[in-house]
Amino acid sequence: MLENEVEIKSSAELLKTVEGLKNDGYRYATMICLKANDGHDFIYIFEKDYKLKNLRYFVKPGEKPKSVSGIYLCALLIENEYQDLFGLTFEGLAIDYKGHLYLTPNSPKAPLA
């Protein structure tokens with residue numbers, strides 16, 4: 001585990017924690033998606049006063065992760081990107097491009113899945 005990393009166990013805990021970080025003045029920096037144990041590890045990265053805080057959440061195979069774009073609108077871009085690249089489906093995306101943010105109709109489907 002990384003320094004300043006918090007392990008998240010459920011989507012409800014994720015949304016509650018992200019909301020708390022926003023209320024504490026943290027900026028949403030980005031999110032990383034890694035294939036792991038037949039699922040995906042998400043690492044959400046937040047910044048405040050030049051210090052990073054990371055949230056790690058494992059998404060089980062077939063699980064539809066909750067979008068944090070209702071809390072941080074800018075998250076919709078990276079979440080849509082991961083829908084395109086990994087074939088994931090985020091629930092509650094503020095704007096959902098349904099797998100066509102970057103990929104054209106002739107592109108391979110979920111090339112990193």
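Rounding to the nearest 0.5 Å places CG of Leu14 at 8.0 Å from OG of Ser10. Remark: Asn80 CG to Leu103 CG distance equals 11.0 Å, nearest 0.5 Å. With rounding to the nearest 0.5 Å, the separation of CD in Glu5 from CD1 in Ile45 is 9.0 Å. Between the CZ atom of Arg56 and the CD1 atom of Ile8 there is a distance of 11.5 Å, given to the nearest 0.5 Å. Going from atom OH of Tyr82 over to atom CG of Leu88 covers 10.0 Å, rounded to the nearest 0.5 Å. With values rounded to the nearest 0.5 angstrom, Leu21 atom CG is found 5.5 Å from Leu55 atom CG.
Counting only heavy atoms from C-beta outward, the side chains of Tyr28 and Leu73 never approach each other to under 4.5 Å. Side-chain contact between Pro111 and Leu85 is present, with heavy atoms from C-beta onward closer than 4.5 Å. In this structure, Leu93 and Gln83 have side chains that are in contact, with non-hydrogen atoms separated by less than 4.5 Å. Residues Phe46 and Arg27 are not in side-chain contact: their nearest non-hydrogen atoms beyond the backbone lie 4.5 Å or more apart. Contact annotation: the side chain of Thr89 never approaches that of Pro65 to less than 4.5 Å [non-hydrogen atoms, C-beta and beyond]. Side-chain atoms of Lys66 and Phe90, non-hydrogen and from C-beta on, never get closer than 4.5 Å to each other.
Cation-pi geometry between Lys22 and Tyr72 is met: under 6.0 angstrom from the ring centre, within 45 degrees of the axis.
Of the residues listed (Leu76, Ile78, Asp96), the one engaging Ser69 in a side chain to side chain contact (heavy atoms under 4.5 Å, CB included) is Leu76, and it is the only one.
Distance alone, capped at 3.5 Å, is enough to place a donor-acceptor pair between the Glu79 side chain and the Val68 backbone. In this structure, the side chain of Asn54 does not engage the main chain of Val6 through any donor-acceptor pair within 3.5 Å. Side chain of Glu63 to main chain of Val59: no donor-acceptor pair is present (N/O by atom type, distance under 3.5 Å, no hydrogens or angles). With hydrogens and angles ignored, the 3.5 Å screen pairs a side-chain donor or acceptor of Asp84 with a backbone N or O of Leu101.
Residues passing the salt bridge (Lys or Arg N to Asp or Glu O under 4.0 Å) test with Glu19: none are found, sequence neighbours excluded.
The residues Asp24 and Lys48 are annotated as not salt-bridged, no charged nitrogen and carboxylate oxygen being separated by less than 4.0 angstrom. Between Asp49 and Lys51, no side-chain nitrogen of the basic residue sits less than 4.0 Å from a carboxylate oxygen of the acidic one, so the salt-bridge criterion is not met. Checked for salt-bridge contact, Lys64 and Glu91 miss the test: no charged N lies under 4.0 Å from a carboxylate O.
By the neighbour-count criterion of 12 heavy atoms within 6.0 Å, atom OH of Tyr97 is sparsely surrounded, having that number or fewer from other residues, nucleotides or ligands. For Asn37, the CG atom sits in a loose shell: 12 or fewer heavy atoms of surrounding residues, nucleotides or ligands are nearer than 6.0 Å.
Contact detail for Glu81 and Tyr102: the closest heavy-atom pair is CG-CE1, 3.4 Å.
Aromatic rings of Tyr57 and Tyr44 (six-membered ring for Trp) have centroids beyond the 6.0 Å cut-off, not under it. The aromatic ring centroids of Phe58 and His40 lie 6.0 Å or more from each other.
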